[in-house]
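All remarks here apply to the structure that follows.
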Amino acid sequence: MTTNRTTLANPRRTRLVGRGDIARLTAVPAIKTDLILRLATVPGLVRPGVSHWDMKTRLPLHPLSNENAYGDPQLLHDLAVPGAKFARRMGADVVVGAETGGIPLATAVALAGDLPFAFARKPGYVGHEDHEPRVRGASVAGRRVLLVDDAVSSGTALEAFADELQSEGAILVGVFTLVDMRDVATSVAPITKTLPIESVATYLEVLDAATDAGILDPAVHQLAVNALVNHWTNDDPRWSLLDHAA
Ligand SMILES: O=C(O)c1cc(=O)[nH]c(=O)n1[C@@H]1O[C@H](COP(=O)(O)O)[C@@H](O)[C@H]1O
């Protein structure tokens with residue numbers, strides 16, 4: 001985490017000349033780091049369990065129950081603030097929540113940014129009637145939309161939500177998410193490379209913070225990050241180290 005904090009504190013590696021500079025450069029990142037720590041230490045959000053990895057995708061070694069972050073009203077509000085700022089920066093007219101995990105956060109972003117709210121139904125969700133509107137709430141036709149979801153990983157869901165919004169005539173200008181998991185995704189959809197995506201934290205930042213807070217064992221964490229980032233193959237003998245460590 002030390003590395004991350006250093007990087008966040010002075011992201012452009014600007015030469016510091018005085019106390020004033022340091023205060024200016026560290027103010028916002030300190031808030032971001034604090035928010036990541038608060039997110040990572042939400043009870044039950046990080047579920048330690050390296051022995052339960054999905055052998056095909058390697059994800060998640062430590063599953064995240066992002067919805068647990070919605071249990072604390074003050075935290076939900078604070079998580080929404082960077083989303084509202086991003087919405088303003090992108091000139092969004094409407095905030096759209098992605099069903100299901102994105103809806104509470106999107107509602108909070110809409111409230112924080114004083115913007116109209118809508119939600120988009122999860123594409124392919126069993127039980128939806130064909131004739132039901134896919135996007136409900138504020139009209140999105142011809143309007144600049146910020147899509148909000150709890151996580152972005154491969155971007156498959158994002159692609160489908162983008163299609164839905166496009167078919168309603170919306171102009172998708174960006175995505176705000178709690179956890180950006182592209183840092184450990186094996187592949188990502190092209191849309192994630194062109195659409196501006198802002199997050200509270202990356203997956204590895206959440207795991208780093210959880211380790212700092214004692215939720216994850218540092219040795220296991222180090223191995224897990226190595227496995228994810230370096231894409232250990234199925235027959236890599238180091239998987240047994242994780243087995244034993246878990
Ligand atoms: O319910 C889900 O779809 C879901 C379950 C889960 O365990 N993890 C998870 O990330 N999701 C959703 O999957 C989407 C992100 O995964 P990708 O489609 O791979 O980017 C988001 O819409 C999440 O809400």
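Remember, predicted model here, so these are calculated numbers, not experimental data. We're numbering straight along the sequence, starting at 1. All ligand and atom numbering here is 1-based and tracks the order in the structure.
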Distance in Å, R38 CZ paired with Q74 CD, rounded so as to fall on 0.5 Å steps: 6.5 Å
Is the backbone of D150 close enough, under 3.5 Å, to the side chain of T177 for a donor and an acceptor to pair up by distance? yes
CG (D72) and NE2 (H77) are apart, to the nearest 0.5 Å, by 12.0 Å
Heavy atoms of the protein only: does one fall short of 4.0 Å from atom 14 (C) of ligand 1? yes
Compute the minimum heavy-atom distance from A151 to ligand 1 and say whether it is under 4.0 Å. yes
How about N230: does its CG atom have over 12 heavy atoms from other parts shown lying under 6.0 Å from it? yes
Identify, by atom number and element, the atoms of ligand 1 in contact range of S154, meaning under 4.0 Å from any of its heavy atoms. 17 (P), 18 (O), 19 (O), 20 (O)
Quick note on ligand 1: atoms under 4.0 Å from a heavy atom of D150 include exactly 23 (C), 24 (O)
Going through the distances and angles, do R89 and E198 end up as a salt bridge (Lys or Arg N to Asp or Glu O under 4.0 Å)? CA-CA 11 Å; R89 224 163 54 234; E198 183 98 338; 3.3 Å; yes
Would you list the pairs meeting salt bridge (charged side-chain N to carboxylate O under 4.0 Å, His left out) in which at least one residue belongs to residues 170-182, sequence neighbours left out? D180-R182
Below 4.0 angstrom, counting only protein heavy atoms, does anything approach atom 23 (C) of ligand 1? yes
Are the side chains of R47 and H62 in touch, meaning some heavy atoms are under 4.5 Å apart? no
Donor-acceptor contact below 3.5 Å, side chain D93 vs main chain R144: yes
Counting only nitrogen or oxygen atoms and a 3.5 angstrom limit, does A157 reach ligand 1? yes
Just to confirm, does any protein heavy atom lie below 4.0 Å from atom 2 (C) of ligand 1? yes
Between D149 and ligand 1, find which residue part has any heavy-atom pair under 4.0 Å and reply side chain, backbone, both or neither. side chain
Nearest protein heavy atom under 4.0 Å from atom 8 (N) of ligand 1, yes or no: no
Nearest 0.5 Å, what's the CG-CE distance between L172 and M90? 9.5 Å
Is there a protein heavy atom at a distance of less than 4.0 Å from atom 5 (C) of ligand 1? no
Is K122 close enough to touch ligand 1? Criterion: a residue heavy atom under 4.0 Å from a ligand atom. yes
Protein contact for atom 11 (N) of ligand 1 (heavy atom, distance under 4.0 Å): no
Nitrogen or oxygen of G155 less than 3.5 angstrom from that of ligand 1: yes
For atom 19 (O) of ligand 1, decide whether some protein heavy-atom distance is shorter than 4.0 Å. yes
